[in-house]
Amino acid sequence: MYDEDIRKIVKNISFIKYKMHESIIKENDDNKEIYYLLSGSVRVIVGTNALGIVEKGNIFGEFSSITGETRSATIKANDQNVTVLRFNF
């Protein structure tokens with residue numbers, strides 16, 4: 001891989017910290033970022049229903065990136081300190 005290719009990839013990656021209950025993704029948004037959960041856990045919410053928890057070491061947000069559809073769920077920080085790696089495409 002060439003340095004220029006690496007720079008293109010790295011400039012589209014962000015480390016972001018969230019506090020408890022802070023929204024990371026909002027249902028029906030049309031953004032296409034993919035997230036890798038570095039620390040903490042997040043809640044998956046559809047409408048007013050909490051569907052589950054995503055733990056550290058997992059990815060989320062990939063479905064919208066692949067299909068081009070709007071976000072199907074809201075994702076909120078479930079811990080006081082949640083850190084994600086966000087990939088912009």
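Index from 1, following the sequence.
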Whether the T70 and D30 side chains hold a donor-acceptor pair (N or O, under 3.5 Å, no angle test) is what I'd like checked.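 Judged by distance alone, the side chains do not pair up.
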Are N81 and K19 close enough that a side-chain donor and a side-chain acceptor fall under 3.5 Å? yes
Are V54 and I59 co-members of a hydrophobic cluster defined by side-chain heavy atoms under 4.5 Å apart? no
4.5 Å side-chain heavy-atom contact, [X] and [Y]:
{"X": "V44", "Y": "F60", "value": "no"}
{"X": "L51", "Y": "I45", "value": "no"}
{"X": "V42", "Y": "I24", "value": "yes"}
{"X": "Y18", "Y": "V84", "value": "yes"}
{"X": "K76", "Y": "M20", "value": "no"}

Of all the heavy-atom pairs spanning V82 and A77, show the shortest one and how long it is.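 That closest heavy-atom pairing would be CG2-CB, 3.7 Å.
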In Å, rounded to the nearest 0.5 Å, how long is the span from [atom1] of [X] to [atom2] of [Y]?
{"X": "S64", "Y": "N31", "atom1": "OG", "atom2": "CG", "value": "7.5 Å"}
{"X": "L38", "Y": "I16", "atom1": "CG", "atom2": "CD1", "value": "10.5 Å"}
{"X": "E62", "Y": "Y36", "atom1": "CD", "atom2": "OH", "value": "13.0 Å"}
{"X": "I75", "Y": "S23", "atom1": "CD1", "atom2": "OG", "value": "9.5 Å"}
{"X": "K26", "Y": "T74", "atom1": "NZ", "atom2": "OG1", "value": "8.0 Å"}
{"X": "D79", "Y": "E55", "atom1": "CG", "atom2": "CD", "value": "7.5 Å"}

Are any side-chain N or O atoms of [X] and backbone N or O atoms of [Y], one a donor and one an acceptor, separated by less than 3.5 Å?
{"X": "S39", "Y": "T83", "answer": "yes"}
{"X": "S65", "Y": "I34", "answer": "no"}
{"X": "T67", "Y": "E69", "answer": "yes"}

Between E33 and R71, does the salt bridge (charged side-chain N to carboxylate O under 4.0 Å, His left out) criterion hold? Intermediate values first, please. CA-CA 10 Å; E33 294 91 359; R71 299 296 188 174; 3.8 Å; yes
